[in-house]
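In what follows, a single structure is set out as structure tokens and then discussed.
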Amino acid sequence: MQILTINNLTKMYSDTKGIKNISFSIEEKECVAIIGKSGSGKSTLLKCILNLTLIDSGKIKIYDNYLKNNYEDLIRVIGYLPDKQNQFPKQKLKDFLKVINTYYNLDYTNDILEYVKLFNLDLNSDISKLSSGEVQKLSLILAVFHKPKLLLLDEPTNFLDTASIHTLTQILKKLKYEGTSILIVSHSLNFILELADRIYLLNDFNLIDIKSKLKENDYKKITIASENEITYKDLNLKGVSNISLNNKAASFIFTGDISYLLKKLATFEILDIVIENPTVEDLLGGLLYDLS
């Protein structure tokens, strides 16, 4: 069953900024992730789905209803985390959550308390004194506590430490298993690879399915420091892309046999080397090169 269907969605702010003729759908219990450069239209897409931004053309359907014709009913089955942190009232967390619990005409006290415990929040804390990470956790609780049928998350791992990201991942897996469909915009590659059934790259108004490409290639971010100056010619190697140079240091994206790369780098008189998983931003240059 299709939970979300988008047909030829267009919202342009200028000739080069916005989204154009975007079409895709999300099935029940499916997680779809969208990555892309800053300004590619990812957040705009989520806001169009929520009717927070008026579209120029196209259609958005949730279940069998068009959003603009049935907004009040549909918004109750949607959860949303915006890309910018919410502003909350100056009151105790427990008092604020009691009020929030009345919004959906059902008692979700047990669910809210479970999430508060999972995220290690203090119900007696003053919301105005919460850290950025704690505010993000609260915002996530507000997005999921009512067990939405469609969950829209814009950069959900922002401000979260590793343990909290793990907690969030487990929460989303459980929601998905229980019937929630999820659309994620995120820069955290490992996070979306663990959750997403499909991953799209939004680039130059095109939505490209890249899940298989990411699965086929084990991308790594390599950072090296050398005794000598490093040039682009030095790094003209198979599997190397998205090179950034700084005199005797360099970083790049690599995919392929790591032993091959290490043998080539052995001639560089390397002082230090760091091999890590890339973020989406790190990966984009190499990924776009591979798709070209």
Side-chain angles (χ1 to χ4, degrees), residues 1-28 30-71 74-75 78-84 143 149-158 181-189 191-193 195-214 241-242 253 278-292:
M1 176 181 179
Q2 289 186 347
I3 301 301
L4 173 67
T5 306
I6 295 177
N7 289 316
N8 299 319
L9 178 62
T10 296
K11 172 61 181 181
M12 297 296 294
Y13 297 102
S14 66
D15 290 342
T16 58
K17 187 176 180 180
I19 52 178
K20 183 187 295 183
N21 295 327
I22 296 295
S23 297
F24 70 99
S25 62
I26 300 178
E27 302 287 331
E28 188 176 19
E30 186 179 30
C31 178
V32 173
I34 297 178
I35 67 173
K37 295 179 291 186
S38 177
S40 60
K42 304 183 301 297
S43 295
T44 295
L45 174 62
L46 297 189
K47 290 173 182 176
C48 288
I49 294 171
L50 286 162
N51 210 30
L52 297 176
T53 296
L54 295 179
I55 66 175
D56 297 333
S57 61
K59 292 183 178 180
I60 301 169
K61 188 165 66 173
I62 301 174
Y63 290 97
D64 291 323
N65 299 295
Y66 289 103
L67 186 61
K68 65 181 181 179
N69 297 329
N70 202 19
Y71 184 76
L74 288 176
I75 202 66
I78 297 174
Y80 174 54
L81 176 79
D83 59 333
K84 296 180 180 178
K149 294 298 182 183
L150 176 63
L151 180 59
L152 309 176
L153 301 174
D154 200 340
E155 299 295 354
T157 61
N158 278 356
S181 301
I182 307 171
L183 177 59
I184 302 174
V185 167
S186 177
H187 67 278
S188 178
L189 188 61
F191 175 70
I192 60 176
L193 278 172
L195 285 166
D197 300 292
R198 281 181 286 143
I199 301 174
Y200 289 107
L201 171 65
L202 183 55
N203 183 65
D204 292 336
F205 307 123
N206 294 312
L207 203 60
I208 309 165
D209 191 338
I210 59 168
K211 181 68 180 282
S212 59
K213 176 64 70 174
L214 292 174
S241 60
N242 205 24
I253 298 300
T279 65
V280 168
E281 286 83 0
D282 293 329
L283 185 63
L284 279 175
L287 188 57
L288 291 171
Y289 176 82
D290 288 344
L291 292 169
S292 62

Just how far is it from atom [atom1] of [X] to atom [atom2] of [Y], taken to the nearest 0.5 Å?
X	Y	atom1	atom2	answer
Lys42	Leu201	NZ	CG	9.5 Å
Asp56	Tyr13	CG	OH	9.0 Å
Ile208	Tyr200	CD1	OH	11.5 Å
Cys31	Ile184	SG	CD1	3.5 Å
Leu202	Ile19	CG	CD1	7.5 Å
Leu151	Tyr80	CG	OH	11.5 Å

Side chain to side chain, [X] and [Y], heavy atoms closer than 4.5 Å:
X	Y	answer
Thr157	His187	yes
Leu45	Phe24	yes
Asn8	Ile22	no
Leu183	Leu153	no

Q) Mind checking what makes side-chain hydrogen bond (donor to acceptor under 3.5 Å, both in side chains) contact with Glu27, not counting sequence neighbours? A)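 Here no residue qualifies.
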Would the distance check show the side chain of [X] and the main-chain N or O of [Y] forming a donor-acceptor pair, the cut-off being under 3.5 Å?
X	Y	answer
Thr10	Asn21	yes
Glu28	Gln2	no
Lys149	Ile3	no
Ser186	Ile192	no
Asp209	Arg198	no

Side chain to side chain contact (heavy atoms under 4.5 Å, CB included) with [X]: which residues, sequence neighbours excluded?
X	value
Phe205	Met12, Lys20
Asp154	Ser43, Leu46, Asp83, Val185
Ser14	Thr16, Lys17
Ile55	Leu9, Cys48, Ile60

Q: Give the intermediate values and the outcome of side-chain contact (heavy atoms from CB on, under 4.5 Å) for residues Ser23 and Ile6.
A: CA-CA 5 Å; Ser23 297; Ile6 295 177; 5.7 Å; no
Q. If you look at every heavy atom in Ile35 and Ile199, which pair is closest and at what distance?
A.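 Smallest heavy-atom distance, with atoms named: CG2-CG2, 4.5 Å.
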Q. Which heavy atom of Pro278 sits nearest a heavy atom of Ile253, and at what distance?
A.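 Taking Pro278 first and Ile253 second, the nearest heavy atoms are CB-CD1, 3.9 Å.
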Q. Sequence neighbours excluded, which residues qualify as salt bridge (Lys or Arg N to Asp or Glu O under 4.0 Å) partners of Asp197?
A.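 In terms of salt bridge (Lys or Arg N to Asp or Glu O under 4.0 Å), with neighbours along the sequence ignored, Asp197 is linked to Lys176.
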